[in-house]
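In the text below, chain A, chain B and the rest are named by the order of the sequence lines, each starting its count at 1.
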2 protein chains.
Amino acid sequence: MDASQLELKNQICFPFYSVSRLITKAYKPFLSKLNLTYPQYLVLMVLWESDGISVNQIKEKLLLDTNTLSPLLKRIEGMGLIKRLRSTADERSVIVSLTEEGAKLKIQALPIPEKMLENLSAEGIEIDEIAGLRSMLNTWMKILSKNNNQNESK
Amino acid sequence: MDASQLELKNQICFPFYSVSRLITKAYKPFLSKLNLTYPQYLVLMVLWESDGISVNQIKEKLLLDTNTLSPLLKRIEGMGLIKRLRSTADERSVIVSLTEEGAKLKIQALPIPEKMLENLSAEGIEIDEIAGLRSMLNTWMKILSKNNNQNESK
DNA sequence: CACGTTTATATCGTAAACGACATAATAACA
DNA sequence: TGTTATTATGTCGTTTACGATATAAACGTG
């Protein structure tokens, strides 16, 4: 049992946790111009890509549970960017769709990803490295979320 | 301006955000046996490595601000694992040190990192890959946290 | 059709995160 | 020395996360 494994620099979760928070913080100047938080921006990205989907479909795309999504969606609705309507086909489902204002916000959001990449590369992070890392993380995401679902169905 | 950059699968922040949450969730079964949350575990790891340091030193190691750390430390103190004492040398500082109970908890925490690695590799994630990723993320952490400090001092 | 089960969503409580701001102690320097 | 600036910590309010639990609709099966 190697005690050095408990040192912070040898942890795998800690750098994930920190880098995730730091990148979210790096998004903040761009997102605060649109009066959005990062999770709100994620929801809108999902809807800009596929409008009129159910809460459950958003849950699956973002890997967030409904106890997180429900209040999050309510706030975005309160800002007038989305509407929530019970599905008539299945009254358990709630369909989330963009308002005109919410759809228009996409235009202002368009330059954000590019600007973020510019910022990261200005900090000395290679663009190639980012692309490689992204695909690796997407693989990890699939593996870990599968495990997550298995636990849920226990 | 490429609209596909706004798609979730092309984002760099989203996989970080998700993988970070999923790994934290994977820690949960181990940590809940010790009645700890992940951030509480991080604080204890810092103290197990260097006991009797100031809140400010913990802040620098974990990249968490004092408005997050103060209540976090209070909770850990409430659990009887640490003590907080004003430094006599500099009365602005608060020195955090482990209680006997807090120090003993390290023994129970020792097997956690190894078990986590076993779990990840059982999921199909290569150990080599983890080591490489860790060093890459540690580099990113330094770059992004430097930028973070620069913003603070503006 | 009745009734237990699953599904979709939501509420509640607690613990992070973090911006904005407050407070007290120390440092810096005119 | 007096006064301004900086440093270390903390409080407050808001938004996420998420476990536990609730509720209503739909499904499955005898």
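Contacts of A:Ser54 with the nucleic acid, taken as non-hydrogen atoms under 4.0 Å apart, involve only primed sugar atoms and P, OP1 or OP2.
Atom P of nucleotide C:dA20 and atom CG of B:Asp65 are separated by 12 Å, given to the nearest angstrom. The OH-P distance, from A:Tyr27 to C:dC18, rounds to 16 Å in whole Å.
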All N/O contacts under 3.5 Å from nucleotides 1-4 of chain C to the protein, with atom names and distances to one decimal?
none

Report each atom pair, protein N/O against N/O of nucleotides 27-29 of chain C, whose distance is under 3.5 angstrom.
none

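For A:Glu7, the salt bridge (Lys or Arg N to Asp or Glu O under 4.0 Å) partners two or more places apart in sequence, or in a different chain, are A:Lys9. Annotation: side-chain hydrogen bond (donor to acceptor under 3.5 Å, both in side chains) contacts of A:Thr24 (sequence neighbours excluded): none. Remark: B:Arg75 engages no residue in a salt bridge (Lys or Arg N to Asp or Glu O under 4.0 Å) (not counting sequence neighbours). For B:Glu60, the side-chain contact (heavy atoms from CB on, under 4.5 Å) partners at least two apart in sequence or on another chain are B:Asn56. B:Lys33 meets the salt bridge (Lys or Arg N to Asp or Glu O under 4.0 Å) test with no other residue; sequence neighbours excluded. Legend: residues meeting side-chain contact (heavy atoms from CB on, under 4.5 Å) with B:Glu77, ordered by chain and number and at least two apart, are B:Ile82, B:Arg84.
For DNA chain D, the outermost nucleotides in 5' to 3' order that have an atom under 4.0 Å from a heavy atom of chain A are D:dT15 to D:dA26.
Atom CG of B:Leu85 sits about 8.5 Å away from atom CD1 of B:Ile95, to the nearest 0.5 Å.
Tracing side-chain contacts under 4.5 Å through hydrophobic residues (I, L, V, M, F, W, Y), one reaches B:Phe30 starting from B:Leu105; they form part of the same cluster.
When all heavy atoms of B:Ser50 and B:Ile53 are compared, the pair lying nearest together is O-CG2, 3.4 Å.
Picking from C:dA8, C:dA17, C:dG19 the nucleotide with the shortest atom distance to the side chain of A:Lys25 gives C:dG19.
Screening residues 46-58 of chain B for salt bridge (Lys or Arg N to Asp or Glu O under 4.0 Å), with sequence neighbours left out, gives no hits. Sequence neighbours left out, not one pair with a member in residues 100-112 of chain A passes salt bridge (Lys or Arg N to Asp or Glu O under 4.0 Å).
Classification of the B:Tyr27-B:Tyr38 ring pair by plane angle, with boundaries at 30° and 60°, yields tilted.
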How does protein contact run along nucleotides 10-16 of chain C, one letter per nucleotide 5' to 3', with B for base contact, S for sugar-phosphate only, - for none, heavy atoms under 4.0 Å?
BB---SS
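OP1 or OP2 of C:dG19 lies within a sub-4.0 Å distance of a side-chain N or O belonging to A:Lys28.
Using a 4.5 Å heavy-atom threshold, the side chains of B:Leu44 and B:Leu34 count as separate.
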